[in-house]
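Each remark here refers to the structure printed beneath this line.
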Amino acid sequence: DARRKKKSESTNWDHRNNPYTDSAMQYHSRTCKIQTLYVSFRDLQWQDWIIAPDGYDAYYCSGECNFPLNAHMNATNHAIVQTLVHLVSPGKVPKPCCAPTKLSAISVLYFLDESNVILKKYKNMVVKSCGCH
Amino acid sequence: STERMSGLYVDNGFDQTVVHRVVNQREKREVEHEILNLLGLPDRPRNTHGRPPQVKRSAPKFLLDIYQNALGEDEEEKSPAHHRKAGEFDLSGQDLKAIDQSDVIMTFAAHNHHVPGVRHERGKRLWFDVSEVPPEEHIIGAELRLYHNTDVRNWRNRGSYTITAYRVLKTENGTRELQYIDAINATTGKEGWLTLNVSEALEHWVNNPDGNRGLYLSVHPADRSVHEVRPEDVGIVGFRGDADKQPFMVGYFKSSGKRESKVRQKR
């Protein structure tokens with residue numbers, strides 16, 4: 001429904017770059033892959049207490065895990081089994097899940113109060129790669 | 001289509017950023033609060049709203065220096081310690097090791113914590129607010145950083161000297177009991193940062209907040225020809241010195257892992 005609605009609303013968009021009308025982009029968006037999600041501390045107006053960074057590329061994984069699972073999806077053996085069982089019983093067994101396979105950390109430097117400062121490492125905040133599980 | 005409204009953007013796979021969905025003001029607040037919760041920052045710190053960050057002061061500058069020069073994004077991207085820049089704070093090999101091991105590094109600005117009736121003699125009293133140290137963080141180490149410049153006021157104070165840090169135990173009736181923490185030898189001809197190991201003091205203050213009466217710094221010429229001298233007299237920068245050279249304490253911490261699971265349960 002969301003897609004249909006967006007399509008009707010998008011008359012003023014440039015259709016060559018529109019992911020809802022461009023068939024090539026639709027194909028790409030369906031495949032399990034890494035997508036950019038930039039969280040901007042600056043735009044959130046947090047720069048008065050978060051000294052660094054300005055923001056970070058959080059990323060997320062999105063798309064479907066369809067048969068055959070190719071190398072780009074980093075599919076596990078279990079994901080292949082899951083896909084085949086799904087093909088046999090699509091109503092009963094779901095497809096494998098498109099999820100992060102590798103995550104990395106970010107460091108954030110911010111004021112605790114007006115004089116003390118903290119540099120904190122946050123593990124598993126950035127998606128480095130996605131795959132089918 | 002690239003109008004920045006929510007702070008959240010989606011790459012469409014063709015290196016173009018397009019608005020995925022415009023969120024309303026209430027949703028935006030909710031998303032912001034969710035990200036803050038995830039980072040363990042549910043509330044904006046006191047007295048920071050609308051103020052420009054005071055990054056020119058020594059303590060934030062030190063952490064910014066570490067952030068820019070001594071951190072790798074992850075274990076694989078981390079360059080070897082000897083390839084990293086020491087920056088203007090003269091980071092030693094031991095500092096770089098502590099940085100690598102730490103999940104959290106905190107700096108504490110020094111306060112001139114005057115207690116009425118306490119005789120300070122010629123030494124300097126430094127107090128640090130360590131109340132914000134999360135109790136679940138394990139202390140790897142702590143150091144007191146003092147800036148030493150070559151601007152020595154009195155020629156009689158030129159030469160070698162010893163700086164000793166004591167933890168102040170009691171300040172009742174003007175009497176003072178001190179416990180030795182660490183000492184360092186220095187010479188008046190060399191400019192730069194001096195560090196003293198104050199891990200024991202930080203450990204004590206975190207575990208006994210009521211017993212936090214700060215540190216006492218005592219400076220003696222190496223030949224003991226003169227009695228205790230004021231730190232400023234041998235070139236140690238104090239509270240009246242340049243903002244980027246004022247004394248501060250840095251603590252290195254490692255997470256015990258308990259906090260993360262607690263937050264998850266809560267969420």
Side-chain angles (χ1 to χ4, degrees), chain A residues 2 6 10 12-14 16-19 22 24-25 28-29 31 33-53 55 57-60 62-63 102-126 128, chain B residues 1 4-14 16-18 20-21 28 31-32 35-36 38-41 44-55 57 59-60 62-64 66-68 71 73-77 99 102-109 111 128-130 132 248 255 260:
Chain A
K6 280 278 179 185
S10 63
N12 295 330
W13 286 33
D14 183 345
R16 285 167 301 179
N17 295 327
N18 189 337
D22 189 314
M25 288 174 79
H28 282 285
S29 65
T31 310
K33 66 171 188 171
I34 191 166
Q35 309 275 351
T36 305
L37 172 71
Y38 185 72
V39 178
S40 171
F41 296 144
R42 187 168 286 276
D43 287 358
L44 293 167
Q45 295 179 329
W46 293 349
Q47 76 275 19
D48 54 347
W49 58 297
I50 296 183
I51 302 166
D57 278 312
Y59 298 109
Y60 67 98
S62 179
K102 198 180 169 195
L103 295 157
S104 68
I106 58 160
S107 293
V108 181
L109 177 61
Y110 60 90
F111 277 96
L112 263 183
D113 51 44
E114 58 185 348
S115 58
N116 294 344
V117 189
I118 189 165
L119 176 60
K120 202 166 180 178
K121 189 191 280 180
Y122 294 91
K123 291 172 185 167
N124 302 332
M125 289 292 286
V126 178
K128 302 290 273 187
Chain B
S1 64
R4 298 192 155 196
M5 297 183 77
S6 66
L8 299 170
Y9 311 101
V10 174
D11 189 323
N12 65 5
F14 288 83
Q16 295 164 322
T17 301
V18 297
H20 181 62
R21 185 171 72 86
K28 186 187 161 188
V31 169
E32 284 180 14
I35 298 169
L36 282 173
L38 196 65
L39 297 172
L41 307 167
R44 184 180 285 271
R46 299 184 299 272
N47 304 324
T48 57
H49 190 76
R51 285 186 178 188
Q54 302 289 310
V55 288
R57 295 209 309 255
F62 172 76
L63 284 186
L64 196 57
I66 289 179
Y67 181 87
Q68 289 169 339
L71 286 183
E73 195 178 292
D74 53 36
E75 293 301 319
E76 287 169 19
E77 291 176 25
I99 291 164
S102 300
D103 292 316
V104 176
I105 306 172
M106 285 174 83
T107 54
F108 308 90
H111 298 274
F128 304 93
D129 180 4
V130 299
E132 296 281 348
F248 66 94
S255 297
E260 207 171 357

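In what follows, chains are A, B, ... by sequence order, proteins preceding strands, each numbered from 1.
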Residue from P53(A), G55(A), A58(A) scoring the most non-hydrogen pairs under 4.5 Å with chain B is P53(A)

Where S107(A) and Y67(B) come nearest, the two heavy atoms and their spacing: O-CE1, 3.3 Å

In terms of heavy-atom proximity below 4.5 Å to chain B, should Y59(A) be classed as side chain, backbone, both, or neither? neither

Between the side chain of D103(B) and the main-chain N/O of K120(A), is any donor-acceptor distance below 3.5 Å? no

Donor-acceptor pair, distance only, cut-off 3.5 Å: does the side chain of N116(A) make one with the backbone of M106(B)? no

For L64(B), enumerate each residue passing the side chain to side chain contact (heavy atoms under 4.5 Å, CB included) test, keeping only those at least two apart in sequence or located in another chain. I51(A), A52(A), L109(A), Q68(B)

Highest number of heavy-atom pairs under 4.5 Å with chain A among V104(B), I66(B), T107(B) belongs to T107(B)

Of all residues at least two apart in sequence or in a different chain, which pass the ring pair (Phe, Tyr, Trp, His ring centres under 6.0 Å) check with F248(B)? F62(B), W193(B)

Interatomic distance, F111(A) atom CZ to L63(B) atom CG [nearest 0.5 angstrom]: 9.5 Å

